[in-house]
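Below is one structure, written out as structure tokens; comments come after it.
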2 protein chains.
Amino acid sequence: MYTSRISKQTIKRLAIYYRCLEKLHKEGIRTVSSHQIGEELGLKASQVRKDLSYFGGFGKRGVGYEIRTLASRISKILGMTRSWKTCIVGFGNLGRALLHFPGIRDKGFNIVGVFDKDKKKVGSAADDLLRVEDVASIPMAIRERGIEIGVIATPAEDAQSVVDLLIKYGVKGIVSFAPTKLSVPERISVEEIDISVALSSVAFGIIRMERDGD
Amino acid sequence: MYTSRISKQTIKRLAIYYRCLEKLHKEGIRTVSSHQIGEELGLKASQVRKDLSYFGGFGKRGVGYEIRTLASRISKILGMTRSWKTCIVGFGNLGRALLHFPGIRDKGFNIVGVFDKDKKKVGSAADDLLRVEDVASIPMAIRERGIEIGVIATPAEDAQSVVDLLIKYGVKGIVSFAPTKLSVPERISVEEIDISVALSSVAFGIIRMERDGD
DNA sequence: GAGTGTGAACTATTTCACAGCT
DNA sequence: AGCTGTGAAATAGTTCACACTC
């Protein structure tokens with residue numbers, strides 16, 4: 001039940017298991033086996049069991065996992081039951097898309113601030129509830145609203161300074177879409193999503209397939 | 001120099017090395033060591049050398065890597081010198097953001113089609129050059145324009161059927177932002193970008209840090 | 001009989017360490 | 001002297017296989 005040395009990959013799969021369980025639950029199913037989950041997600045049953053076993057025995061031998069219980073345990077582990085005060089920095093096309101992205105707002109990530117450095121955007125409505133604020137008001141916003149997670153949707157060249165600022169005022173986690181390597185202290189939880197790297201990886205895959213034919 | 005068994009992680013780092021080299025090149029630097037690249041990107045020098053060695057000896061012992069040469073070799077390996085006919089399916093906020101995302105268009109990914117199933121969007125201008133087309137015209141578009149890569153920005157529930165359609169008509173690579181596991185044949189190159197999983201992973205990291213204190 | 005939980009075996013990836021070039 | 005290229009060692013992650021429970 002010690003979670004210290006659990007790999008990031010296991011955690012990500014846990015989030016995916018959760019989504020899978022939600023789906024099965026909607027279909028009215030009450031119980032699943034590791035084999036069924038694996039089938040659904042393209043994973044080996046043993047991988048599923050191993051991942052789940054890190055957090056304790058959720059299943060019943062001979063039966064499988066009770067979906068409601070397992071989903072609620074996972075949501076607890078991943079902090080989905082808690083509301084995470086989140087902000088978005090950079091309100092270009094991507095920032096706007098993230099503000100409305102399903103699976104951010106509704107998975108416990110409560111977006112309480114949207115910031116941009118462009119004075120023309122500042123003051124305009126980000127959505128029904130939020131206005132775009134100046135990046136200069138980030139420190140105060142973090143302090144007053146208790147923002148814990150920052151989502152970076154700025155150009156690459158602004159990302160590091162924004163991240164430094166967020167961390168300086170107390171943000172503990174960063175999800176960055178900026179195509180640049182961020183440098184942050186050990187204690188900060190970071191996830192970098194690199195869209196153009198993903199494209200390149202797919203392109204390479206096609207080249208390899210064409211050359212080696214599988 | 002055989003590229004068959006090279007891991008996806010190595011390929012992704014290669015794309016990141018390329019970006020790093022571009023940056024150093026702009027700064028007027030001509031030569032780097034694996035140690036400098038590693039420093040810049042938070043990687044061990046030996047990792048950098050190992051990755052590069054899979055594709056042959058690019059470096060000079062005692063000197064390092066000539067930036068221009070290495071960058072051009074990497075861009076060749078990753079297919080950046082080739083133009084990839086790409087389409088975006090799903091023109092909501094995310095699809096719109098991807099259409100304008102720097103590092104898609106300018107890294108050899110030429111977006112030649114934007115599709116949506118919403119009749120209200122179909123026919124409207126996606127950008128200066130493209131109109132939104134109906135998903136029903138995907139087959140013809142793939143055939144006529146030789147589309148090779150599809151970017152999925154639809155809701156989760158539509159993603160699998162769109163992917164099936166794209167593959168059926170000849171698309172060879174998929175980058176999906178839909179929060180669902182896709183099932184595709186072996187020969188198809190796929191990259192799934194899961195935004196809400198990234199958020200959950202960051203949230204878990206914060207919880208772990210608070211509990212275990214590093 | 002069916003299916004979990006888990007040590008042990010296996011496989012993949014990273015890091016070390018050093019011979020060999022410039 | 002400095003730095004690459006690369007086998008070998010170390011580490012991490014996955015899969016197997018089976019004892020154990022329902």
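Given the structure is predicted, the values throughout are model-derived calculations rather than measurements. All heavy atoms count here, side chains included; hydrogens, waters and symmetry mates do not.
Residue-level contact check: A:T10 touches neither bases nor backbone, having no heavy atom under 4.0 Å from any strand.
To the nearest angstrom, P of D:dC3 lies 12 Å from CD1 of B:I37. One interatomic measurement links the two molecules: CD of B:Q36 to P of D:dG2, which rounds to 13 Å at whole-angstrom precision. In this structure, A:I67 places its CD1 atom 12 Å from P of C:dT4, rounding to the nearest Å. Spacing between atom CG of B:L52 and atom P of D:dC3 amounts to 16 Å, rounded to whole angstrom units. A straight line from OH of A:Y65 to C1' of C:dG3 spans 8 Å, rounded to a whole angstrom. At whole-Å resolution of the value, CG in A:L70 and C1' in C:dT4 are 12 Å apart. For the pair B:I6 CD1 and C:dA12 P, the computed distance is 14 Å after rounding to whole Å. With rounding to whole Å, B:K50 atom NZ is found 15 Å from D:dA10 atom P.
Distances shorter than 4.0 Å separate some side-chain N or O of B:R13 from OP1 or OP2 on C:dT14. Remark: A:S34 is in phosphate contact with C:dT4, judged by side-chain N or O atoms under 4.0 Å from OP1 or OP2. Not one side-chain nitrogen or oxygen of B:Y54 sits closer than 4.0 Å to the OP1 or OP2 atom of C:dT14. Note on A:Q9: a side-chain N or O is less than 4.0 Å away from OP1 or OP2 of D:dT14.
Separation of atoms OG (B:S72) and CE (B:M80) is listed at 12.0 Å; rounding is to 0.5 Å.
Contacts classified as side-chain hydrogen bond (donor to acceptor under 3.5 Å, both in side chains) and involving residues 92-103 of chain A (residues at least two apart or in different chains) are not found.
Partners of A:E191 under the salt bridge (Lys or Arg N to Asp or Glu O under 4.0 Å) rule, at least two apart in sequence or in another chain, are A:K8, A:K12.
A heavy atom lying under 4.0 Å from DNA chain D marks the following residues of residues 38-49 of chain B, by number: B:R49.
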For nucleotides 19-22 of chain D, list the nitrogen or oxygen atoms of the protein found under 3.5 Å from its nitrogen or oxygen atoms, one pair per line.
from, atom 1, to, atom 2, distance (Å)
D:dC20, O2, A:R61, NH1, 3.0
D:dC22, O4', A:R61, O, 3.0

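When the local axes at the two ends of the helix from C:dG1-D:dC22 to C:dT22-D:dA1 are compared, using 5 base pairs at each end, they differ in direction by 10° after rounding to 10°.
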Can you give each donor-acceptor pair under 3.5 Å made by side-chain atoms of residues 15-23 of chain A, sequence neighbours left out, with the distance rounded to 0.1 Å?
from, atom 1, to, atom 2, distance (Å)
A:Y17, OH, A:D51, OD2, 2.6
A:R19, NE, B:P179, O, 3.2
A:R19, NH1, B:D194, OD1, 3.0
A:R19, NH1, B:D194, OD2, 3.4
A:R19, NH1, B:S196, OG, 3.4
A:R19, NH2, B:D194, OD2, 2.4
A:K23, NZ, A:E40, OE2, 2.3

